[in-house]
Amino acid sequence: MTWNINSLRLRLPLLQQIVMRDQPDILCLQETKVTDDLFPAESLTALGFEYQHFTGMKSYNGVAILSRTPFIRVLETPIWCEKSDCRHNAVEIGDASKPITIHNFYVPAGGDIPDPVENPKFAHKLRFLDEVTAWFAAHRPERAILVGDLNTAPLEQDVWSHKQLLNVVCHTEPEVRRHVAWQNTGFTDVMRVMVPADQKLYTWWSYRNRDWAASDRGRRLDHIWVSDDIAARFETMRVLRDIRGAAGPSDHVPVFADIAL
DNA sequence: ATGGTTGGGTTCCAA
């Protein structure tokens with residue numbers, strides 16, 4: 001399960017409800033917004049996740065991988081864009097003789113103006129996508145799962161209005177082109193294996209909306225990719241849309257997939 | 001064209 005939780009400490013009670021109901025074996029979180037010394041490790045152990053790999057900072061970003069079963073190895077991850085800003089971590093799990101690698105990403109959102117000259121945050125996002133693509137092209141994924149808030153909605157039906165969002169950050173051509181190039185280093189988009197590309201599919205709804213469910217102006221910003229060699233192991237996928245309607249929600253909802261390893 | 005809300009800081013920034 002992957003979820004941009006938008007503050008781990010604030011949403012621990014909601015996380016507990018989700019874990020009780022959906023029983024994920026491995027949980028990848030983004031925007032934990034907590035430094036490592038304040039990480040609520042004991043609460044998460046009590047929820048069943050004895051094995052934890054997290055990297056966080058004050059106020060912003062932060063990623064965590066939580067597992068019921070041991071990690072074989074915690075992986076070193078590259079420094080992207082010369083920033084140590086807690087946007088990526090990775091582990092190996094499963095059978096030590098044939099481990100599965102899990103990458104957990106929080107891609108820069110990119111700010112408001114879709115112009116790398118005017119907006120340094122957009123330039124950072126494009127550069128981040130270029131760097132991760134080059135890295136995965138040089139280290140082709142095998143027995144790998146990549147999840148997270150990738151902050152791009154690549155397909156027309158990944159947004160509520162393709163035409164109206166063509167110049168909105170997360171759906172512009174330069175972002176989509178890079179996002180697709182990254183996926184094409186060797187990953188299958190398992191959400192779109194399950195839900196055909198001509199059907200609407202969202203994982204995020206803005207807080208800035210009177211009635212998110214009625215207007216349903218969503219975007220698919222969260223993704224689960226599986227390396228092509230194990231794509232056939234993938235069994236189910238669910239977007240937990242109802243979590244957006246919970247009390248005190250994140251603006252993102254969890255995405256759940258079952259993969260036989 | 002505009003403004004709408006949330007979280008984690010502090011008196012604003014990022015999303």
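What you are looking at is a predicted structure, and each value in this text was computed from that prediction instead of being measured. Atoms considered below: every heavy atom in the structure, side chains included; atoms not considered: hydrogens, waters and symmetry mates.
- No contact: A/Arg217 has no heavy atom under 4.0 Å from any strand.
- Using atom C1' as the reference point in both B/dT6 and B/dT10, the two lie 16 Å apart (nearest Å).
- Taking the side chain of A/Lys58 as heavy atoms from C-beta on, and the options B/dG9, B/dG7, B/dA14, the nearest nucleotide is B/dG9.
- The side chain of A/Lys33 lies closest to B/dG7 when the candidates are B/dG9, B/dA15, B/dG7.
- Judged purely by distance below 3.5 Å, without hydrogens or angles, the side chains of A/Glu31 and A/Asn4 pair a donor atom with an acceptor atom.
- When rounded to the nearest whole Å, the span between CH2 of A/Trp205 and C1' of B/dA15 equals 17 Å.
- Per the geometry, CG belonging to A/Asp112 stands 13 Å off C1' belonging to B/dT2, to the nearest Å.
- Atom CZ of A/Arg219 and atom P of B/dA15 are 13 Å apart (whole Å).
- Taking side-chain N and O atoms only, A/Arg208 has no distance below 4.0 Å to OP1 or OP2 of B/dT2.
- A straight line from CD1 of A/Ile113 to P of B/dA14 spans 12 Å, rounded to a whole angstrom.
- When distances are taken from the side chain of A/Tyr106 to each of B/dT6, B/dA15, B/dG9, the shortest belongs to B/dA15.
- Nucleotides B/dG9 and B/dA14 place their C1' atoms 11 Å apart, quoted to the nearest Å.
- Of the two residues near DNA chain B, A/Pro249 and A/Asn151, the one whose nearest nucleotide lies more 5' is A/Pro249.
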Task: side-chain hydrogen bond (donor to acceptor under 3.5 Å, both in side chains) between A/Asp251 and A/Trp204, worked out - done: CA-CA 6 Å; A/Asp251 44 357; A/Trp204 174 91; 3.2 Å; yes
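- A/Ile79 CD1: 12 or fewer foreign heavy atoms inside a 6.0 Å radius.
- Atom CZ of A/Arg87 is separated from atom C1' of B/dA15 by 11 Å (rounded to the nearest Å).
- With both ends at atom P, the span from B/dA1 to B/dT5 equals 22 Å, rounded to whole Å.
- Nucleotide B/dG7 holds its C1' atom 6 Å from the CG atom of A/Asn6, rounded to whole Å.
- One atom, OH of A/Tyr60, and another, C1' of B/dT10, lie 10 Å apart when rounded to the nearest Å.
- For A/Asn209 and A/Asn61, each mapped to the nucleotide of DNA chain B holding its nearest heavy atom, the one lying further toward the 5' end belongs to A/Asn209.
- Whole-Å rounding puts the A/Leu12 CG to B/dG7 C1' distance at 15 Å.
- Environment of CD in A/Glu142: sparse, with no more than 12 heavy atoms of neighbouring residues, nucleotides or ligands closer than 6.0 Å.
- Counted by atom type alone, A/Asn89 and A/Thr55 present zero donor-acceptor pairs between their side chains at under 3.5 Å.
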